[in-house]
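Everything below concerns the one structure shown next.
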Protein chains: 4
Amino acid sequence: MDTRERIVNVASRLFYKQGYNSTGINQVIKEAEVAKASLYQYFPSKEDLLVEYLRVTAENTEKSLRAFIDKYSTPEEKALAVFDFILKFSKQADFNGCNFLNIAAEVPVDDARVRQLIRRQKDSIRSLFAGILKPAGKEKLADELYLLFDAALVTGKVHEGSWPVKTAKKMAEKLL
Amino acid sequence: MDTRERIVNVASRLFYKQGYNSTGINQVIKEAEVAKASLYQYFPSKEDLLVEYLRVTAENTEKSLRAFIDKYSTPEEKALAVFDFILKFSKQADFNGCNFLNIAAEVPVDDARVRQLIRRQKDSIRSLFAGILKPAGKEKLADELYLLFDAALVTGKVHEGSWPVKTAKKMAEKLL
Amino acid sequence: MDTRERIVNVASRLFYKQGYNSTGINQVIKEAEVAKASLYQYFPSKEDLLVEYLRVTAENTEKSLRAFIDKYSTPEEKALAVFDFILKFSKQADFNGCNFLNIAAEVPVDDARVRQLIRRQKDSIRSLFAGILKPAGKEKLADELYLLFDAALVTGKVHEGSWPVKTAKKMAEKLL
Amino acid sequence: MDTRERIVNVASRLFYKQGYNSTGINQVIKEAEVAKASLYQYFPSKEDLLVEYLRVTAENTEKSLRAFIDKYSTPEEKALAVFDFILKFSKQADFNGCNFLNIAAEVPVDDARVRQLIRRQKDSIRSLFAGILKPAGKEKLADELYLLFDAALVTGKVHEGSWPVKTAKKMAEKLL
DNA sequence: CATGAATGAGTATTCATTCAT
DNA sequence: AATGAATGAATACTCATTCAT
């Protein structure tokens, strides 16, 4: 694996696990086994590295999620599969809520670049639901399901066990 | 207003507005017009100040929220009023999402003291809903409404306008 | 001697001896035996320390110079004494030219604050000459003597021995 | 223009404009559109590049200066023409004082190689004046005119307008 | 009970230089 | 002869915390 990739992987893991502000450049370079100046060759500032983390994570999330729901056939099944996806995700040992909402809590309100990336990822989830539900003529439910999506991630982080995600799924079933 | 109170007020405002990690002790003592050693007399560490912020905010939130819903009579009206409360809150210029979920994104996963306080506040909201809905025999909806509560705060922070909060309220109406 | 004074003294010595850019904050705090944060408490940035160096040096230079020439009585003697002052200064082991012109060569052209301080010190020398020569009705020579002043310092730095300063004094004698 | 030449040209411009220490190798290679290793092939260290800058600049300055004064016939006219040369130079938008004295303010006192180059250039100016004045039997004035030369450059840098250069010329006229 | 000077470990970032290709 | 990725040491600066008064 090449240098740049190693940096992004390590930073992604640490930003998610510990938060952006609590992760120092020194820890990133140490765990990525990379010289400090090498990191700065690829990412002129820590924020640039954050932006890449958000970009890559959004991309990967969308890809995995689409792959996951593609296994289902009806719109309703697909929509519910999204919550199974979250359930699986939330059961992982390193689950720590939503990558994007966590960052949103850390960056200043006036950081336009980062906040736009976050909003964009969220909008892609709304679009995903809308795309799924269109064939069934239930597009209007997209925003509601998206709210449950955020709730599952965020509330699932705070409480022990999987009940928030499961409850969100149950609510989604009612809606559909 | 006395010293300790001034510290807590200023810290609360800054922790919510800028985040915990982005708020330095120096800024707190400067804006509170307090000597550094005075702050450390009341709060031996920055985390102790954070804990007090969470405690006071939980208390004040619960108080205001209860006062707000007390103006309504039926359980259903009271439950929906919670979302009007969020709507009002979210329209304030300095709205920045949920005080507690924001902190949850900033502190290490293994910070038991802080995470417990956050969970406790969230549980108090679940109980509030449960208490409201009990007379109507709809206690089972408490967790669902609480999920919508979190969603309204968190999703309302990321997007422009009030549609997330309004959508959450609409979903609550359906449930009831 | 108190902390702040120690910082300024050490910084002054090093800025003059090694130059501003070649002197690191770390060297200053080490030689001043002061903690890094202490330095930054007194001087929020390295440039602020530079500004203080220029201020203090201008003040001290003016004071010593005035004290030195006060020992002479006629305007002509006083004016020439300025060059004896430089001669004495230039013979010191650590002589490294003009404190102010050295800095002028190091700071960006657009650093208004620093450049103004430098110009101001130079103007105070012009005024000094003007004040000395006024009683003799030779004020018009002030700028010419000031040019020789700068030349003595700057050319005296580049060459071995004291001939530049002595030549400057000889030229001053001719003018008077 | 070949690689080496491009490097020297860019470095010369930047060293003069921004100073030696404030000019990074990266800026040089970027503006010269040259690979980093190429620069280090021609100049094993940054100081080597500095040395070449001083060498080339000394050469070019002497050439232009001689060409400029050759247009005049008498020793006195030639000597004064030197100050017209400075006047022209000082009126250029990018005038920033004396190339050599600026560097002298930036390099450590014990950098023998660089300081010798600087002194050598200054001596070449003294020789130039001596050569000019010899036919008129005024060689003894060479050092005095050279002092005015340095003063014109250095004082002309600090103050607004051209008065220092003009005053230096006027003083030269008196001497001759 | 209050003060503010002092601290040491930490931050993000930049430097001139080297090396494998 | 030319490349550009990689390096380690240094840079200016900030942090939460302590201590003598």
Side-chain angles (χ1 to χ4, degrees), chain A residues 2-4 6-7 20-30 32-50, chain B residues 2-4 6-7 20-30 32-50, chain C residues 2-4 6-7 20-30 32-50, chain D residues 2-4 6-7 20-30 32-50:
Chain A
D2 78 336
T3 306
R4 203 194 119 102
R6 237 160 47 228
I7 295 169
Y20 173 66
N21 288 316
S22 304
T23 301
I25 287 290
N26 283 329
Q27 193 185 3
V28 175
I29 62 161
K30 197 174 173 187
E33 290 176 308
V34 156
K36 196 170 283 193
S38 298
L39 185 151
Y40 277 93
Q41 196 138 21
Y42 291 108
F43 305 101
S45 77
K46 192 185 174 189
E47 208 200 273
D48 288 316
L49 184 52
L50 171 61
Chain B
D2 78 336
T3 305
R4 203 193 117 102
R6 240 163 39 230
I7 295 170
Y20 172 66
N21 287 315
S22 304
T23 300
I25 286 289
N26 282 325
Q27 195 186 1
V28 175
I29 61 161
K30 195 175 173 188
E33 290 174 311
V34 156
K36 189 167 286 191
S38 298
L39 184 150
Y40 276 93
Q41 196 132 25
Y42 291 110
F43 305 100
S45 78
K46 193 185 173 191
E47 211 200 88
D48 289 317
L49 184 51
L50 171 62
Chain C
D2 78 336
T3 307
R4 203 193 119 103
R6 238 160 47 227
I7 295 169
Y20 172 66
N21 288 316
S22 305
T23 302
I25 288 290
N26 283 329
Q27 194 186 1
V28 175
I29 62 161
K30 197 175 174 186
E33 291 176 308
V34 156
K36 194 170 287 190
S38 299
L39 185 151
Y40 278 94
Q41 196 137 23
Y42 291 107
F43 305 100
S45 77
K46 192 185 173 188
E47 209 199 271
D48 289 316
L49 184 51
L50 171 61
Chain D
D2 77 336
T3 306
R4 205 194 116 101
R6 242 166 35 233
I7 295 169
Y20 172 66
N21 287 317
S22 304
T23 301
I25 286 290
N26 282 325
Q27 194 184 2
V28 175
I29 61 161
K30 195 175 174 188
E33 291 175 309
V34 157
K36 189 167 286 191
S38 299
L39 185 150
Y40 276 92
Q41 195 134 24
Y42 291 111
F43 305 101
S45 79
K46 192 187 174 189
E47 210 201 87
D48 291 315
L49 185 51
L50 172 62

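Worth knowing before you read on, the calculation uses all heavy atoms, side chains too, and leaves out hydrogens, waters and symmetry mates. Please read these numbers as outputs of a predicted model, since none were measured by experiment.
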Atom CD1 of D:I7 and atom C1' of F:dA1: how far apart are they, to the nearest Å? 12 Å

Contact state string [nucleotides 14-21 of chain E, B base, S sugar-phosphate only, - no protein heavy atom under 4.0 Å]: BBSBBB--

Validation row: B:K36, B:N26 side chains within 4.5 angstrom (heavy atoms): yes

OH-CG distance between C:Y20 and C:L49, expressed to the nearest 0.5 angstrom: 7.5 Å

Supply the atom-to-atom distance D:D48 CG to D:F43 CZ, rounded to the nearest 0.5 angstrom. 8.0 Å

Counting heavy atoms from C-beta on, name the nucleotide in E:dA2, F:dT3, E:dA6 closest to the side chain of D:S38. F:dT3

Would you name the heavy atoms of D:N21 and C:S22 that are closest together and state the gap between them? ND2-OG, 3.6 Å

Rounded to whole Å, please give me the gap between NZ in A:K30 and P in E:dA12. 14 Å

Considering all heavy atoms, the nearest C:V34-C:S38 contact: CG1-CB, 3.6 Å

Distance check needed: E:dG4 P versus B:Q41 CD, whole Å only. 14 Å

Check the distance between F:dC15's P and B:I29's CD1 and give it to me in whole angstrom. 12 Å

So what stems show up for DNA chain E if we need 3 or more Watson-Crick or G-U pairs in a row, all under 3.5 Å? E:2-21 with F:2-21

Assuming nearest nucleotide by heavy-atom distance, tell me which of A:T3 and C:Q27 is located more 5' along DNA chain F. A:T3

What does A:Y42 touch in the nucleic acid at a heavy-atom separation under 4.0 angstrom: a base, only the sugar-phosphate, or nothing? sugar-phosphate

Between F:dG4 (P) and A:R4 (CZ): distance, integer Å: 17 Å

Of the non-hydrogen atoms in A:Y42 and A:I7, which two are nearest, and what is the gap between them? CD1-CD1, 4.0 Å

What is the distance from CD of A:E33 to C1' of F:dA6, rounded to the nearest Å? 14 Å

Which heavy atom of C:E33 sits nearest a heavy atom of C:R6, and at what distance? O-NH2, 3.1 Å

Closest-nucleotide ordering on DNA chain E, the 5'-leading residue of A:F43 and C:V34: C:V34

Testing the basics here: between A:T23 and A:K46, what is the closest heavy-atom pair and its distance to 0.1 Å? O-NZ, 2.9 Å

Quick one: side chain to side chain donor-acceptor pair (under 3.5 Å) partners of B:E47, sequence neighbours excluded? B:R113

